[in-house]
Amino acid sequence: MLEVAQIREHKDAFVKALQKRNIDATALLDQVIAADETRRASQSQLDQVLADSNKFSKEIGILFKNGEAQKANLLKEKTAGLKEQSKGLQEQLNEASETLKNLLFTIPNIPHDSVPEGNTDEDNEEVFRKGDIPVLHDAAQPHWELAKKYDIIDFELGTKITGAGFPVYKGKGARLQRALISYFLDKNTAAGYTEYQVPHLVNEASGYGTGQLPDKEGQMYHVTEDDLYLIPTAEVPVTNMFRGDMIAASDLPITCTGYTPCFRREAGSYGAHVRGLNRLHQFDKVEIVRIEHPDNSAAALDGMVDHVKTILEELELPYRILRLCGGDLGFTAHLTYDFEVFSTAQDRWLEISSVSNFQTFQANRLKLRIKDKDGKKMLAHTLNGSALALPRVLAGILENCQTPEGIKIPKALVPYCGFEMID
RNA sequence: GGAGAAAUGGCAGAGUGGUCGAAUGCGGCAGUCUUGAAAACUGUUGAGGGUCACACCUCCGGGGGUUCGAAUCCCUCUUUCUCCGCCA
(Lines give C-alpha, C1' and ligand atoms only; values in the text may rest on other atoms or scores of the structure.)
Protein backbone atom coordinates (compact mmCIF):
# COMPACT_ATOMS: atom_id res chain seq x y z
CA MET A 1 0.00 0.00 0.00
CA LEU A 2 1.39 3.33 -1.03
CA GLU A 3 1.64 6.14 1.51
CA VAL A 4 -1.05 8.81 1.16
CA ALA A 5 1.18 11.59 2.40
CA GLN A 6 3.66 10.76 -0.34
CA ILE A 7 0.97 10.66 -2.99
CA ARG A 8 -0.30 14.02 -1.82
CA GLU A 9 3.11 15.60 -2.19
CA HIS A 10 4.50 13.85 -5.26
CA LYS A 11 1.50 12.93 -7.34
CA ASP A 12 3.18 13.53 -10.67
CA ALA A 13 6.14 11.35 -9.80
CA PHE A 14 3.76 8.53 -8.83
CA VAL A 15 1.83 8.86 -12.08
CA LYS A 16 5.06 8.73 -14.02
CA ALA A 17 6.38 5.72 -12.11
CA LEU A 18 3.15 3.78 -12.51
CA GLN A 19 3.24 4.34 -16.27
CA LYS A 20 5.93 1.67 -16.31
CA ARG A 21 3.26 -0.78 -15.25
CA ASN A 22 1.23 0.47 -18.17
CA ILE A 23 -1.23 2.08 -15.81
CA ASP A 24 -2.47 5.62 -16.16
CA ALA A 25 -3.05 6.38 -12.51
CA THR A 26 -3.87 10.06 -12.85
CA ALA A 27 -7.58 9.72 -12.15
CA LEU A 28 -7.03 7.09 -9.47
CA LEU A 29 -4.55 9.20 -7.59
CA ASP A 30 -6.84 12.21 -7.81
CA GLN A 31 -9.52 10.07 -6.21
CA VAL A 32 -7.09 9.08 -3.49
CA ILE A 33 -6.22 12.68 -2.78
CA ALA A 34 -9.89 13.68 -2.76
CA ALA A 35 -10.83 10.81 -0.45
CA ASP A 36 -7.98 11.75 1.85
CA GLU A 37 -9.16 15.35 1.94
CA THR A 38 -12.68 14.24 2.78
CA ARG A 39 -11.29 12.01 5.47
CA ARG A 40 -9.25 14.76 7.07
CA ALA A 41 -12.09 17.27 6.86
CA SER A 42 -14.52 14.86 8.56
CA GLN A 43 -11.88 14.07 11.12
CA SER A 44 -11.32 17.66 12.12
CA GLN A 45 -15.05 18.43 12.22
CA LEU A 46 -15.59 15.43 14.42
CA ASP A 47 -12.66 16.40 16.62
CA GLN A 48 -14.20 19.81 17.15
CA VAL A 49 -17.56 18.39 18.19
CA LEU A 50 -15.91 15.88 20.49
CA ALA A 51 -13.78 18.61 22.04
CA ASP A 52 -16.94 20.60 22.83
CA SER A 53 -18.76 17.65 24.31
CA ASN A 54 -15.72 16.70 26.37
CA LYS A 55 -15.68 20.19 27.78
CA PHE A 56 -19.38 20.03 28.70
CA SER A 57 -18.99 16.63 30.31
CA LYS A 58 -16.23 17.94 32.50
CA GLU A 59 -18.31 20.92 33.54
CA ILE A 60 -21.27 18.68 34.34
CA GLY A 61 -19.06 16.54 36.49
CA ILE A 62 -17.86 19.53 38.45
CA LEU A 63 -21.40 20.93 38.85
CA PHE A 64 -22.68 17.62 40.24
CA LYS A 65 -19.79 17.51 42.64
CA ASN A 66 -20.69 20.96 43.89
CA GLY A 67 -24.35 19.99 44.27
CA GLU A 68 -25.55 22.24 41.49
CA ALA A 69 -27.74 19.61 39.91
CA GLN A 70 -30.06 22.04 38.24
CA LYS A 71 -27.33 23.76 36.30
CA ALA A 72 -25.90 20.40 35.39
CA ASN A 73 -29.17 19.16 33.97
CA LEU A 74 -29.43 22.30 31.90
CA LEU A 75 -26.04 21.57 30.39
CA LYS A 76 -27.01 17.97 29.73
CA GLU A 77 -29.69 19.11 27.36
CA LYS A 78 -27.12 21.04 25.40
CA THR A 79 -25.03 17.93 24.81
CA ALA A 80 -27.83 16.00 23.15
CA GLY A 81 -27.36 17.85 19.86
CA LEU A 82 -23.61 17.33 19.95
CA LYS A 83 -24.12 13.63 20.34
CA GLU A 84 -26.24 13.47 17.22
CA GLN A 85 -23.68 15.48 15.33
CA SER A 86 -20.76 13.35 16.38
CA LYS A 87 -22.60 10.19 15.36
CA GLY A 88 -23.16 11.54 11.87
CA LEU A 89 -19.61 12.78 11.54
CA GLN A 90 -18.25 9.49 12.78
CA GLU A 91 -20.18 7.70 10.06
CA GLN A 92 -18.89 10.15 7.49
CA LEU A 93 -15.35 9.61 8.70
CA ASN A 94 -15.64 5.83 8.62
CA GLU A 95 -17.00 5.96 5.11
CA ALA A 96 -14.20 8.24 3.91
CA SER A 97 -11.53 6.05 5.53
CA GLU A 98 -13.03 2.96 3.96
CA THR A 99 -13.14 4.58 0.53
CA LEU A 100 -9.55 5.69 0.86
CA LYS A 101 -8.38 2.27 2.00
CA ASN A 102 -10.16 0.47 -0.82
CA LEU A 103 -8.66 2.84 -3.36
CA LEU A 104 -5.19 2.30 -2.00
CA PHE A 105 -5.64 -1.46 -2.08
CA THR A 106 -6.08 -1.32 -5.83
CA ILE A 107 -2.84 0.55 -6.55
CA PRO A 108 0.33 -1.51 -7.05
CA ASN A 109 3.77 -0.53 -5.83
CA ILE A 110 5.77 1.97 -7.86
CA PRO A 111 8.66 0.43 -9.83
CA HIS A 112 12.30 1.30 -9.23
CA ASP A 113 14.01 3.61 -11.73
CA SER A 114 15.97 0.73 -13.19
CA VAL A 115 12.87 -1.32 -13.99
CA PRO A 116 12.64 -1.61 -17.77
CA GLU A 117 9.56 -0.61 -19.74
CA GLY A 118 7.54 -3.45 -21.11
CA ASN A 119 4.44 -5.57 -21.04
CA THR A 120 5.42 -9.20 -20.86
CA ASP A 121 8.25 -11.49 -19.84
CA GLU A 122 9.70 -10.87 -23.31
CA ASP A 123 10.65 -7.41 -22.08
CA ASN A 124 12.52 -8.52 -18.98
CA GLU A 125 16.14 -7.49 -19.04
CA GLU A 126 18.84 -10.09 -18.70
CA VAL A 127 21.47 -8.69 -16.36
CA PHE A 128 23.67 -11.73 -15.71
CA ARG A 129 24.35 -15.20 -17.07
CA LYS A 130 26.64 -17.93 -15.88
CA GLY A 131 27.39 -21.61 -16.41
CA ASP A 132 27.80 -23.75 -19.46
CA ILE A 133 24.75 -25.19 -21.07
CA PRO A 134 25.46 -28.90 -21.15
CA VAL A 135 25.47 -30.88 -24.34
CA LEU A 136 23.30 -33.89 -23.66
CA HIS A 137 23.40 -37.35 -25.13
CA ASP A 138 21.03 -38.25 -27.93
CA ALA A 139 18.51 -40.04 -25.76
CA ALA A 140 18.09 -37.10 -23.36
CA GLN A 141 14.56 -36.66 -22.03
CA PRO A 142 12.49 -34.06 -20.22
CA HIS A 143 12.11 -34.54 -16.47
CA TRP A 144 8.62 -36.01 -16.55
CA GLU A 145 9.96 -38.87 -18.66
CA LEU A 146 13.00 -39.26 -16.43
CA ALA A 147 10.77 -39.25 -13.34
CA LYS A 148 8.87 -42.19 -14.76
CA LYS A 149 11.96 -43.98 -16.02
CA TYR A 150 13.66 -43.93 -12.62
CA ASP A 151 10.38 -44.16 -10.67
CA ILE A 152 11.08 -41.13 -8.49
CA ILE A 153 7.98 -38.95 -9.05
CA ASP A 154 4.48 -40.28 -9.62
CA PHE A 155 2.14 -37.67 -11.05
CA GLU A 156 -0.76 -40.08 -11.63
CA LEU A 157 -0.68 -41.26 -8.04
CA GLY A 158 -1.00 -37.65 -6.87
CA THR A 159 -3.95 -37.19 -9.18
CA LYS A 160 -5.58 -40.25 -7.66
CA ILE A 161 -5.30 -39.08 -4.06
CA THR A 162 -5.78 -35.33 -4.61
CA GLY A 163 -5.80 -34.05 -8.17
CA ALA A 164 -3.55 -32.73 -10.91
CA GLY A 165 -0.61 -30.70 -9.72
CA PHE A 166 -0.02 -32.66 -6.51
CA PRO A 167 2.83 -35.04 -7.30
CA VAL A 168 4.03 -37.91 -5.14
CA TYR A 169 7.79 -38.16 -4.69
CA LYS A 170 9.14 -41.62 -4.18
CA GLY A 171 12.37 -43.33 -3.16
CA LYS A 172 15.39 -41.35 -4.31
CA GLY A 173 13.04 -38.62 -5.54
CA ALA A 174 11.66 -38.11 -2.04
CA ARG A 175 15.13 -38.28 -0.57
CA LEU A 176 16.39 -35.69 -3.03
CA GLN A 177 13.56 -33.35 -2.02
CA ARG A 178 14.54 -33.68 1.62
CA ALA A 179 18.20 -33.20 0.70
CA LEU A 180 17.48 -30.00 -1.21
CA ILE A 181 15.47 -28.55 1.68
CA SER A 182 18.25 -29.28 4.17
CA TYR A 183 20.91 -28.03 1.83
CA PHE A 184 19.12 -24.74 1.16
CA LEU A 185 18.39 -24.16 4.83
CA ASP A 186 22.02 -24.84 5.68
CA LYS A 187 23.21 -22.40 3.04
CA ASN A 188 20.83 -19.73 4.30
CA THR A 189 21.62 -20.15 7.96
CA ALA A 190 25.34 -20.11 7.13
CA ALA A 191 24.70 -16.74 5.48
CA GLY A 192 23.21 -15.46 8.73
CA TYR A 193 19.50 -16.12 8.25
CA THR A 194 17.64 -17.46 11.28
CA GLU A 195 15.66 -20.60 10.60
CA TYR A 196 11.94 -20.65 11.35
CA GLN A 197 9.14 -23.16 11.11
CA VAL A 198 5.90 -21.34 10.62
CA PRO A 199 2.21 -22.22 10.20
CA HIS A 200 1.09 -23.25 6.74
CA LEU A 201 -2.30 -21.63 7.16
CA VAL A 202 -2.76 -17.94 7.82
CA ASN A 203 -5.64 -15.68 8.76
CA GLU A 204 -7.13 -12.91 6.69
CA ALA A 205 -5.11 -10.15 8.39
CA SER A 206 -1.88 -11.85 7.35
CA GLY A 207 -3.12 -12.13 3.78
CA TYR A 208 -3.72 -8.41 3.72
CA GLY A 209 -0.44 -7.67 5.48
CA THR A 210 1.79 -8.95 2.71
CA GLY A 211 -0.56 -7.98 -0.10
CA GLN A 212 -1.97 -11.31 -1.29
CA LEU A 213 -5.40 -9.99 -0.29
CA PRO A 214 -7.36 -8.54 -1.83
CA ASP A 215 -5.24 -8.66 -5.00
CA LYS A 216 -4.81 -12.43 -5.28
CA GLU A 217 -7.93 -13.59 -3.53
CA GLY A 218 -8.68 -16.32 -6.07
CA GLN A 219 -5.16 -17.70 -6.14
CA MET A 220 -5.09 -18.97 -2.59
CA TYR A 221 -6.85 -22.01 -1.18
CA HIS A 222 -9.41 -20.68 1.26
CA VAL A 223 -10.58 -22.81 4.16
CA THR A 224 -13.94 -21.14 4.56
CA GLU A 225 -15.00 -23.17 7.60
CA ASP A 226 -12.31 -21.45 9.66
CA ASP A 227 -11.62 -18.50 7.37
CA LEU A 228 -7.97 -19.43 6.91
CA TYR A 229 -5.82 -19.48 3.80
CA LEU A 230 -3.23 -22.05 2.78
CA ILE A 231 -0.02 -20.13 2.25
CA PRO A 232 1.12 -19.51 -1.32
CA THR A 233 4.64 -18.82 -0.03
CA ALA A 234 6.47 -18.67 3.30
CA GLU A 235 6.74 -14.93 2.72
CA VAL A 236 3.24 -14.57 4.16
CA PRO A 237 3.65 -16.16 7.60
CA VAL A 238 7.30 -15.15 7.98
CA THR A 239 6.82 -11.47 7.14
CA ASN A 240 3.62 -11.31 9.19
CA MET A 241 5.50 -12.39 12.29
CA PHE A 242 6.50 -8.73 12.43
CA ARG A 243 3.12 -7.22 11.66
CA GLY A 244 2.45 -4.20 13.86
CA ASP A 245 5.94 -4.21 15.36
CA MET A 246 8.16 -1.28 16.17
CA ILE A 247 11.74 -2.42 15.72
CA ALA A 248 14.77 -0.64 17.13
CA ALA A 249 17.04 0.38 14.28
CA SER A 250 19.91 -1.23 16.16
CA ASP A 251 18.20 -4.64 15.84
CA LEU A 252 18.26 -4.46 12.04
CA PRO A 253 18.57 -6.20 9.75
CA ILE A 254 16.18 -8.97 10.68
CA THR A 255 16.85 -11.99 8.51
CA CYS A 256 14.74 -15.13 8.40
CA THR A 257 14.63 -18.31 6.42
CA GLY A 258 12.10 -21.09 6.43
CA TYR A 259 10.96 -24.11 4.53
CA THR A 260 7.25 -24.51 3.78
CA PRO A 261 5.10 -26.19 1.23
CA CYS A 262 3.36 -23.62 -0.97
CA PHE A 263 -0.20 -23.93 -2.21
CA ARG A 264 -1.44 -22.17 -5.30
CA ARG A 265 -4.71 -22.59 -7.11
CA GLU A 266 -3.14 -21.36 -10.35
CA ALA A 267 -6.61 -20.55 -11.59
CA GLY A 268 -6.61 -19.85 -15.31
CA SER A 269 -3.00 -20.79 -15.92
CA TYR A 270 -3.53 -24.14 -17.60
CA GLY A 271 -2.21 -24.65 -21.08
CA ALA A 272 1.29 -24.49 -22.38
CA HIS A 273 4.36 -25.30 -20.29
CA VAL A 274 2.58 -26.80 -17.34
CA ARG A 275 3.76 -30.37 -17.75
CA GLY A 276 5.51 -32.23 -15.01
CA LEU A 277 7.01 -30.05 -12.34
CA ASN A 278 6.68 -26.82 -14.26
CA ARG A 279 3.52 -25.70 -12.51
CA LEU A 280 2.08 -27.32 -9.41
CA HIS A 281 -0.67 -26.68 -6.88
CA GLN A 282 1.60 -27.79 -4.06
CA PHE A 283 5.34 -27.42 -4.06
CA ASP A 284 8.18 -26.96 -1.63
CA LYS A 285 10.17 -23.81 -1.22
CA VAL A 286 12.79 -22.38 1.09
CA GLU A 287 12.36 -18.67 1.46
CA ILE A 288 14.53 -15.85 2.77
CA VAL A 289 13.02 -12.68 4.23
CA ARG A 290 14.73 -9.51 5.36
CA ILE A 291 13.53 -6.44 7.23
CA GLU A 292 15.83 -3.54 6.56
CA HIS A 293 16.38 0.12 7.24
CA PRO A 294 15.38 2.14 4.14
CA ASP A 295 18.98 3.21 3.69
CA ASN A 296 20.13 -0.40 3.40
CA SER A 297 17.46 -2.13 1.40
CA ALA A 298 19.03 -1.60 -2.01
CA ALA A 299 22.31 -3.10 -0.86
CA ALA A 300 20.42 -5.89 0.88
CA LEU A 301 18.68 -6.81 -2.36
CA ASP A 302 22.04 -7.08 -4.10
CA GLY A 303 23.27 -9.22 -1.23
CA MET A 304 20.34 -11.59 -1.61
CA VAL A 305 20.98 -11.88 -5.33
CA ASP A 306 24.62 -12.72 -4.65
CA HIS A 307 23.57 -15.30 -2.09
CA VAL A 308 21.26 -17.10 -4.52
CA LYS A 309 24.02 -17.00 -7.12
CA THR A 310 26.39 -18.91 -4.86
CA ILE A 311 23.82 -21.66 -4.37
CA LEU A 312 23.22 -22.10 -8.09
CA GLU A 313 26.92 -22.15 -8.78
CA GLU A 314 27.45 -24.83 -6.18
CA LEU A 315 24.71 -26.84 -7.83
CA GLU A 316 26.53 -26.33 -11.14
CA LEU A 317 23.40 -25.25 -12.93
CA PRO A 318 23.51 -22.81 -15.86
CA TYR A 319 21.44 -19.77 -14.93
CA ARG A 320 20.63 -16.21 -15.79
CA ILE A 321 19.23 -13.27 -13.88
CA LEU A 322 16.48 -11.05 -15.20
CA ARG A 323 15.37 -7.68 -14.04
CA LEU A 324 11.61 -7.80 -14.39
CA CYS A 325 9.97 -5.21 -16.57
CA GLY A 326 7.10 -3.02 -15.41
CA GLY A 327 4.45 -5.27 -16.92
CA ASP A 328 5.81 -8.42 -15.32
CA LEU A 329 6.51 -6.97 -11.90
CA GLY A 330 4.41 -8.32 -9.04
CA PHE A 331 1.72 -6.11 -7.49
CA THR A 332 3.66 -5.45 -4.29
CA ALA A 333 7.20 -5.32 -5.71
CA HIS A 334 9.40 -2.30 -6.27
CA LEU A 335 12.24 -4.17 -7.93
CA THR A 336 12.47 -7.88 -8.71
CA TYR A 337 15.22 -10.14 -10.02
CA ASP A 338 14.17 -13.51 -11.35
CA PHE A 339 16.60 -16.41 -11.55
CA GLU A 340 16.15 -18.91 -14.32
CA VAL A 341 17.88 -22.22 -14.91
CA PHE A 342 18.27 -23.44 -18.45
CA SER A 343 16.86 -26.82 -19.17
CA THR A 344 18.47 -28.35 -22.23
CA ALA A 345 15.97 -31.15 -22.45
CA GLN A 346 13.04 -28.75 -22.53
CA ASP A 347 15.05 -26.13 -24.40
CA ARG A 348 13.74 -23.37 -22.19
CA TRP A 349 14.51 -21.30 -19.12
CA LEU A 350 12.79 -22.27 -15.88
CA GLU A 351 12.11 -19.70 -13.18
CA ILE A 352 13.51 -20.96 -9.90
CA SER A 353 13.83 -17.88 -7.75
CA SER A 354 12.40 -14.44 -7.47
CA VAL A 355 14.10 -11.88 -5.25
CA SER A 356 12.30 -8.62 -4.50
CA ASN A 357 12.47 -5.38 -2.62
CA PHE A 358 9.06 -4.12 -1.55
CA GLN A 359 10.33 -0.98 0.13
CA THR A 360 7.55 0.37 2.37
CA PHE A 361 4.69 -1.14 0.38
CA GLN A 362 4.18 -4.15 2.64
CA ALA A 363 5.40 -2.37 5.77
CA ASN A 364 2.69 0.24 5.35
CA ARG A 365 0.03 -2.46 5.38
CA LEU A 366 1.77 -4.36 8.12
CA LYS A 367 2.33 -1.23 10.22
CA LEU A 368 5.90 -2.45 10.55
CA ARG A 369 8.05 0.41 11.72
CA ILE A 370 11.55 1.26 12.79
CA LYS A 371 12.53 3.55 15.60
CA ASP A 372 16.03 4.94 15.34
CA LYS A 373 18.33 6.14 18.08
CA ASP A 374 16.83 9.64 18.09
CA GLY A 375 13.33 8.26 18.42
CA LYS A 376 12.50 8.98 14.81
CA LYS A 377 9.93 6.56 13.43
CA MET A 378 9.64 5.32 9.88
CA LEU A 379 8.25 2.42 7.89
CA ALA A 380 10.66 -0.45 7.41
CA HIS A 381 11.61 -1.95 4.09
CA THR A 382 10.80 -5.61 3.50
CA LEU A 383 12.49 -7.95 1.05
CA ASN A 384 12.19 -11.59 0.22
CA GLY A 385 13.36 -14.21 -2.18
CA SER A 386 13.25 -17.90 -2.89
CA ALA A 387 16.37 -19.75 -1.92
CA LEU A 388 15.11 -21.80 -3.55
CA ALA A 389 11.93 -23.24 -5.06
CA LEU A 390 12.32 -27.00 -5.29
CA PRO A 391 10.39 -28.34 -8.28
CA ARG A 392 12.22 -26.52 -11.02
CA VAL A 393 15.58 -26.97 -9.35
CA LEU A 394 14.76 -30.66 -9.36
CA ALA A 395 13.69 -30.45 -12.99
CA GLY A 396 16.91 -28.63 -13.80
CA ILE A 397 19.03 -31.23 -12.06
CA LEU A 398 17.23 -34.15 -13.65
CA GLU A 399 17.41 -32.69 -17.12
CA ASN A 400 20.87 -31.12 -17.08
CA CYS A 401 22.65 -33.84 -15.14
CA GLN A 402 21.31 -36.82 -17.07
CA THR A 403 23.80 -39.24 -18.59
CA PRO A 404 23.25 -42.53 -20.35
CA GLU A 405 24.05 -44.20 -17.00
CA GLY A 406 21.62 -42.14 -14.94
CA ILE A 407 21.22 -38.79 -13.18
CA LYS A 408 24.52 -37.61 -11.73
CA ILE A 409 23.80 -35.74 -8.50
CA PRO A 410 25.70 -32.42 -8.07
CA LYS A 411 28.59 -32.86 -5.63
CA ALA A 412 27.24 -30.36 -3.14
CA LEU A 413 24.09 -32.43 -2.67
CA VAL A 414 25.69 -35.86 -2.31
CA PRO A 415 26.33 -35.51 1.45
CA TYR A 416 22.68 -34.57 1.89
CA CYS A 417 21.09 -37.35 -0.13
CA GLY A 418 23.58 -40.10 0.42
CA PHE A 419 23.85 -41.24 -3.19
CA GLU A 420 25.69 -40.04 -6.29
CA MET A 421 23.47 -41.42 -9.01
CA ILE A 422 19.83 -41.98 -9.69
CA ASP A 423 19.77 -45.02 -11.92
C1' G B 1 -16.45 -30.12 23.24
C1' G B 2 -18.03 -28.41 28.67
C1' A B 3 -17.06 -25.15 33.24
C1' G B 4 -14.45 -21.11 35.41
C1' A B 5 -10.81 -16.94 35.47
C1' A B 6 -8.31 -13.26 32.85
C1' A B 7 -6.68 -9.55 28.77
C1' U B 8 -4.07 -2.24 30.99
C1' G B 9 2.13 1.37 28.24
C1' G B 10 8.82 -2.36 26.16
C1' C B 11 7.90 -5.74 30.65
C1' A B 12 5.64 -6.44 35.55
C1' G B 13 1.48 -4.43 37.81
C1' A B 14 -2.36 -0.73 40.30
C1' G B 15 -6.71 1.46 38.92
C1' U B 16 -14.39 -0.82 39.51
C1' G B 17 -18.42 5.76 36.48
C1' G B 18 -15.96 12.32 36.43
C1' U B 19 -9.02 16.65 35.56
C1' C B 20 -6.92 8.62 34.10
C1' G B 21 -3.43 8.52 28.67
C1' A B 22 -3.53 5.96 33.21
C1' A B 23 -0.03 5.09 40.04
C1' U B 24 4.27 2.26 41.17
C1' G B 25 8.47 -0.88 39.97
C1' C B 26 11.77 -2.66 36.22
C1' G B 27 13.77 -1.54 31.57
C1' G B 28 15.27 2.49 27.85
C1' C B 29 17.32 7.46 27.03
C1' A B 30 19.87 12.05 28.87
C1' G B 31 22.59 14.31 32.78
C1' U B 32 25.43 14.65 37.68
C1' C B 33 29.40 12.00 40.05
C1' U B 34 33.83 8.92 37.90
C1' U B 35 40.19 8.39 34.38
C1' G B 36 36.33 4.92 32.47
C1' A B 37 32.48 1.68 34.06
C1' A B 38 29.19 0.09 37.94
C1' A B 39 26.31 1.97 41.95
C1' A B 40 23.70 6.21 43.56
C1' C B 41 21.03 10.58 42.47
C1' U B 42 18.20 13.99 38.94
C1' G B 43 15.37 14.47 34.69
C1' U B 44 12.94 12.07 30.74
C1' U B 45 10.41 8.01 28.35
C1' G B 46 3.45 4.69 24.73
C1' A B 47 0.96 4.97 19.83
C1' G B 48 -2.08 7.10 15.79
C1' G B 49 -4.57 11.38 13.49
C1' G B 50 -4.13 16.66 12.99
C1' U B 51 -1.15 21.51 12.69
C1' C B 52 4.12 25.56 9.84
C1' A B 53 4.08 24.92 15.09
C1' C B 54 0.56 24.72 18.97
C1' A B 55 -4.36 23.56 20.12
C1' C B 56 -7.32 19.57 19.70
C1' C B 57 -9.08 14.36 18.79
C1' U B 58 -8.60 8.90 19.24
C1' C B 59 -6.55 4.41 21.49
C1' C B 60 -6.55 0.36 28.37
C1' G B 61 -7.55 -7.33 23.41
C1' G B 62 -11.45 -6.43 18.71
C1' G B 63 -16.52 -4.80 17.66
C1' G B 64 -21.16 -2.85 19.51
C1' G B 65 -24.22 -0.66 23.54
C1' U B 66 -25.73 2.19 28.27
C1' U B 67 -24.39 7.33 30.09
C1' C B 68 -23.78 14.35 29.88
C1' G B 69 -19.22 11.35 30.89
C1' A B 70 -16.50 4.40 30.37
C1' A B 71 -10.02 1.34 31.45
C1' U B 72 -14.17 0.91 35.03
C1' C B 73 -21.25 -1.09 33.67
C1' C B 74 -23.85 -4.35 29.68
C1' C B 75 -23.67 -7.49 25.02
C1' U B 76 -20.62 -10.02 21.56
C1' C B 77 -16.19 -11.92 19.34
C1' U B 78 -11.05 -13.31 19.82
C1' U B 79 -7.02 -14.91 22.66
C1' U B 80 -4.61 -16.81 27.15
C1' C B 81 -4.70 -19.61 31.74
C1' U B 82 -6.98 -23.49 35.15
C1' C B 83 -10.17 -27.79 35.59
C1' C B 84 -13.06 -31.79 33.05
C1' G B 85 -13.79 -34.64 28.52
C1' C B 86 -11.63 -36.37 23.90
C1' C B 87 -7.18 -37.29 21.26
C1' A B 88 -2.03 -37.48 17.52
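Just so we're on the same page: letters track the sequence lines, and every chain starts at 1.
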Suppose we define a pair by two distances each less than 3.5 Å, Watson-Crick or G-U wobble; what does [N] pair with here?
N: B/G1; answer: B/C84
N: B/C60; answer: none
N: B/G9; answer: none
N: B/U32; answer: B/A40
N: B/U16; answer: none
N: B/A71; answer: none

### Message
If we ignore hydrogens and angles and just use 3.5 Å, is the side chain of A/Asp245 paired with the main-chain N or O of A/Arg369 as donor and acceptor?
### Response
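Flag not set: sc A/Asp245 to bb A/Arg369 has no pair under 3.5 Å.
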
On a whole-Å scale, what distance lies between the [atom1] atoms belonging to [N] and [M]?
N: B/C60; M: B/G4; atom1: C1'; value: 24 Å
N: B/U24; M: B/G13; atom1: C1'; value: 8 Å
N: B/G15; M: B/G64; atom1: P; value: 28 Å
N: B/C33; M: B/G27; atom1: P; value: 23 Å
N: B/U34; M: B/C57; atom1: P; value: 47 Å
N: B/G21; M: B/U45; atom1: C1'; value: 14 Å
N: B/C41; M: B/C26; atom1: P; value: 9 Å
N: B/C11; M: B/U76; atom1: P; value: 29 Å

### Query
Checking A/Lys309 against A/Tyr319: charged group under 6.0 Å from the ring centre and within 45 degrees of the axis?
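Cation-pi check for A/Lys309 and A/Tyr319: fails.
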
### Message
Less than 6.0 angstrom from the centroid, inside 45 degrees of the normal: does A/Lys172 satisfy that with respect to the ring of A/Tyr150?
### Response
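Output no; distance or angle outside limits.
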
### Message
Before you tell me yes or no, could you show the steps for A/Thr257 and A/Glu287 under side-chain hydrogen bond (donor to acceptor under 3.5 Å, both in side chains), namely the whole-Å CA-CA distance, both residues' side-chain angles and the distance that decides it to 0.1 Å?
### Response
CA-CA 5 Å; A/Thr257 186; A/Glu287 186 80 357; over 6 Å; no

Would you please confirm or rule out a distance under 4.0 Å between OP1 or OP2 of [N] and any side-chain N or O of [X]?
X: A/Lys55; N: B/U19; answer: no
X: A/Arg39; N: B/G49; answer: no
X: A/Lys377; N: B/G48; answer: yes

### Task
For A/Leu379 and A/Ile370, run side chain to side chain contact (heavy atoms under 4.5 Å, CB included): C-alpha distance rounded to whole Å, both residues' side-chain angles, the deciding distance at 0.1 Å, then the answer.
CA-CA 6 Å; A/Leu379 290 170; A/Ile370 299 171; over 6 Å; no

[N] [atom2] sits how many Å from [X] [atom1], rounded?
X: A/Arg365; N: B/G48; atom1: CZ; atom2: C1'; result: 20 Å
X: A/Leu63; N: B/U19; atom1: CG; atom2: P; result: 15 Å
X: A/Lys58; N: B/C56; atom1: NZ; atom2: C1'; result: 11 Å
X: A/Asp52; N: B/G69; atom1: CG; atom2: P; result: 14 Å
X: A/Leu89; N: B/C57; atom1: CG; atom2: P; result: 15 Å
X: A/Asp251; N: B/G10; atom1: CG; atom2: P; result: 15 Å
X: A/Asn203; N: B/C77; atom1: CG; atom2: C1'; result: 14 Å
X: A/Met246; N: B/A47; atom1: CE; atom2: C1'; result: 7 Å

Side chain of [X] (C-beta onward), nearest among [options]:
X: A/Arg369; options: B/G49, B/G50, B/A47; answer: B/A47
X: A/Lys83; options: B/G49, B/U67, B/A47; answer: B/U67
X: A/Arg40; options: B/A47, B/U51, B/G49; answer: B/U51

### Query
What is the nucleic acid contact for A/Thr79, judged by heavy atoms within less than 4.0 Å: base, sugar-phosphate only, or nothing?
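Sugar-phosphate, backbone atoms only, no base.
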
### Message
By the 4.0 Å heavy-atom rule, please label A/Ile60 as base, sugar-phosphate, or nothing.
### Response
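Result for A/Ile60 = base.
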
#### Entry: Check against side chain to side chain contact (heavy atoms under 4.5 Å, CB included), A/Thr382 and A/Phe361
CA-CA 8 Å; A/Thr382 58; A/Phe361 193 86; over 6 Å; no

### Task
Nearest-nucleotide wise, let me know which of A/Ser57 and A/Arg8 is further upstream toward the 5' end of RNA chain B.
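By nearest-heavy-atom nucleotide position, the 5'-most residue is A/Ser57.
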
### Task
Could you say whether A/Leu50 or A/Gly61 is positioned toward the 5' end of RNA chain B, judged by the nucleotide with the nearest heavy atom to each?
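Mapping each residue to its closest nucleotide by heavy atoms, the 5'-most match is A/Gly61.
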
#### Entry: Close side-chain approach of A/Thr332 to A/Thr210, heavy-atom, < 4.5 Å
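Not touching, per the 4.5 Å side-chain cut-off.
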
### Query
Is there a donor on the side chain of A/Asn54 or the base of B/G69 sitting less than 3.5 Å from an acceptor on the other?
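Answer no: no donor N or O sits under 3.5 Å from an acceptor.
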
